[in-house]
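Heads up, the thing below is written out as structure tokens.
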Amino acid sequence: MPPPLTPKRPSPCDLALIQCLLDRGDLDSATLDRVNQQAFSTGFTWVQAALSLSAVAPLALAQALKQTLGYPLLDNSGVDIEHCELDLWSPVFCIEHQLLAWRSDDGTHHIATADPTDTGVMAQAQAQLERPARWWVAAHDQLERDLQRWQQRWEWQIPNTPAADGDVPFAHALTPEERAIEDVPVVKLLHELMSKAHRMRASDLHIEPYERHVRVRWRIDGHLHEMCTVPLELRDGLASRLKVLARLDIAEKRLPQDGRVEFHLNGERVHGRVSSLPTVFGEKLVVRLLPNTPVHRQLDELGMELKEHGDLLHALSRPQGMVLVTGPTGSGKTVTLYACLDQINLPHVNIATAEDPCEMHVHGINQLQVHDKAGLTFATALRAFLRQDPDVLMVGEIRDMETADVAIKAAQTGHLVLSTLHTNDAPATLTRLLNMGVAAYNVVASVKLVVAQRLVRCLCPYCKQATNTTREQLMAAGASQAALEGPISVYEPVGCARCHQGFQGRLGLYQTLPMTDGLQSLILQNSSELALREAALAAGMRSLRALGLIWVQRGLTSMGEVLMNTPD
């Protein structure tokens, strides 16, 4: 959990500004307390907090900033948009930080801002200029109107600026695609998009072309958020630039392509996987940002409840059998599998894995990357492993009957086999195997434990708000009676500058289903999935929803988040 906030002393600039506003009668003590609390709880500057609460009229605030800091005040007519810089910064940077720049006839750069107390942004903007700029303070509402007009002009007038030396050298006449790659605004825009995605801990960046614009979205904590829109004129340039960096064929626009890319973002080297897909309005590109240090956790760090943790440890202690981890794409199955392997990665244990892709490299484990086009499938890899004197086998996913058959046989011949399936919960995994064609007696003899999991977002500890949820409401939602014996602290998301719509990070829900005698009898009798689920619940299995509501009553996630991500 993040450390608690500590009070910060107001800067001399803030104190002078506050006193000026009080003396002018533009601020009272009650409003001042609200602004101070907003700045304290969000991390905003005092000016940003005052603007977010509409505590001071924008023009009055700008006049006070001029009086206390000495910056010239932009008059009410605003900025002449025709003289504004189109290629100085990307639109993402300008809109995010509310900056507008223009150049006078003598070559001097001028920049307007509504918050000249944000020295960090001012330094970042100044660092991109060849000479010092003259700063202006503007009323926030007037600046927003000017920025909207500037953005409209930016969308239809793209500057024809030559590329920087050494950017992407070509020894021959440039094709239209190659000319787009060298377009400086495209280079700056892509770098700004990737830098912002990296700073916001996004796992994926989506660049999606439509009829009139290009939408840019990022995935944070499993949810997509719209980042910005890009003019349609930059569509091909962005696609070509990214495809060159990923060593893809820029001339091929009819077929999907995949590649890898490396960026230098915010002082770090960041690796990514690039996927291009031809759509009706152009190529959609997705960049998966890979962590420099892959998420590799020990079993004790996953956050399992005691019962579920004990079930998994017992299954991993067996010399043979099959342990299946199930859940949708992106639910953390790979992290769980590696935590299991870490538990049994001992000098006297021979472990081999077949993965697609192989993202985590672990000392002491023999890892293999499957290659379907070359004929190296999961089933082929498993057969090869069986001739390598293994103790533990891990196959990335059971996708077909051939792989399931080899894995089942390996689990019955003295090997511990770990793998994944895509099912809604643990009982559904058993019927999925039967529907794939695995004989009931093989399922009974091989499967020792099924783990079903989900990831739900954690509430931001800085802005979450308590609710009046009762025990009866939690019971109606699916919470167990035993889980409601302790204290209840239910919260809901609010949203602040430190989080994304009230959430920050994710935690796991883990359902375990050990193979009991009762379940084995039902499987051999070809019972329905409903009968298997009822028998499992009667034997002590807890539903994913009930497990999620435990975290709700502890105040770590919201009821809406659990209800949305767990089956009924």
Side-chain angles (χ1 to χ4, degrees), residues 81 84-101 124-125 128 144 146-164 167-168 176-200 202-220 223-246 248 250 253 257 259 261 263 265-266 270 272 274-289 500:
I81 300 300
C84 284
E85 301 281 1
L86 289 176
D87 60 346
L88 185 57
W89 305 303
S90 76
V92 177
F93 182 85
C94 297
I95 299 301
E96 178 187 0
H97 299 297
Q98 298 282 281
L99 299 177
L100 198 57
Q124 186 179 354
Q128 302 183 47
E144 280 194 328
D146 288 342
L147 278 168
Q148 289 175 0
R149 291 166 52 221
W150 171 84
Q151 190 175 14
Q152 291 171 359
R153 176 173 174 258
W154 194 93
E155 288 177 352
W156 61 263
Q157 184 177 347
I158 307 300
N160 184 16
T161 308
D167 184 27
V168 182
E177 291 86 359
E178 293 167 342
R179 198 175 298 113
I181 296 167
E182 288 202 331
D183 196 0
V184 167
V186 167
V187 175
K188 288 184 177 181
L189 177 58
L190 179 60
H191 186 270
E192 184 65 29
L193 293 175
M194 296 303 305
S195 296
K196 186 67 181 295
H198 179 247
R199 287 196 302 270
M200 301 303 289
S203 61
D204 301 86
L205 181 73
H206 293 242
I207 301 175
E208 305 167 326
Y210 293 96
E211 185 176 8
R212 300 183 182 277
H213 67 277
V214 178
R215 180 172 68 170
V216 180
R217 294 190 292 174
W218 50 27
R219 188 178 296 278
I220 301 175
H223 283 244
L224 278 172
H225 304 266
E226 185 161 337
M227 181 180 182
C228 65
T229 58
V230 174
L232 197 61
E233 290 83 354
L234 294 184
R235 176 194 61 192
D236 294 337
L238 273 177
S240 297
R241 173 68 176 170
L242 195 49
K243 288 168 71 176
V244 163
L245 293 175
L248 303 179
I250 61 173
K253 300 181 180 181
Q257 297 186 69
V261 69
F263 296 97
L265 305 173
N266 308 313
V270 180
V274 177
S275 172
S276 72
L277 179 72
T279 68
V280 174
F281 297 110
E283 289 182 282
K284 176 187 176 182
L285 294 123
V286 177
V287 183
R288 165 67 57 90
L289 297 176
H500 307 286

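Numbers here are sequence positions counted from 1.
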Do L238 and L189 pass the side chain to side chain contact (heavy atoms under 4.5 Å, CB included) test, and can you show the C-alpha distance, the side-chain angles, and the key distance before you say yes or no?
-> CA-CA 8 Å; L238 273 177; L189 177 58; 4.2 Å; yes
Can you name the nearest heavy-atom pair linking C228 to L193, along with the distance?
-> SG-CD2, 3.9 Å
Can you tell if the side chain of E211 reaches within under 4.5 Å of the side chain of L232, non-hydrogen atoms only?
-> no
Heavy atoms of A197 and L289 approach each other most closely as CB-CD1, 4.1 Å
Carefully, step by step, assess L190 and L245 under the rule side chain to side chain contact (heavy atoms under 4.5 Å, CB included).
-> CA-CA 11 Å; L190 179 60; L245 293 175; 4.0 Å; yes
Would one find more than 12 heavy atoms of other residues, nucleotides or ligands at under 6.0 Å from atom CZ of R199?
-> yes
Is the backbone N or O of Q257 less than 3.5 Å from a side-chain atom of S276, with the two atoms forming a donor-acceptor pair by type?
-> yes
Full working for side chain to side chain contact (heavy atoms under 4.5 Å, CB included) between R217 and E226 = CA-CA 4 Å; R217 294 190 292 174; E226 185 161 337; 4.3 Å; yes
Quick one: do L205 and M227 satisfy side chain to side chain contact (heavy atoms under 4.5 Å, CB included)? Show the steps, please.
-> CA-CA 9 Å; L205 181 73; M227 181 180 182; 4.1 Å; yes
Can you tell which of D204, I207, L242 makes a side chain to side chain contact (heavy atoms under 4.5 Å, CB included) with V287?
-> L242
Supply the atom-to-atom distance H206 NE2 to R288 CZ, rounded to the nearest 0.5 angstrom.
-> 8.0 Å
Can you spot which of K253, K243, R235 makes a salt bridge (charged side-chain N to carboxylate O under 4.0 Å, His left out) with E283?
-> K243
Minimal non-hydrogen separation, H223 against H225, with atom names = O-CD2, 3.1 Å
4.5 Å side-chain heavy-atom contact, H198 and F263 = no
State, with a plain yes or no, whether a side-chain heavy atom of R219 is found less than 4.5 Å away from one of L224.
-> yes
List the atom of T279, the atom of P209, and the distance in Å for their closest heavy-atom pair.
-> OG1-CG, 3.8 Å
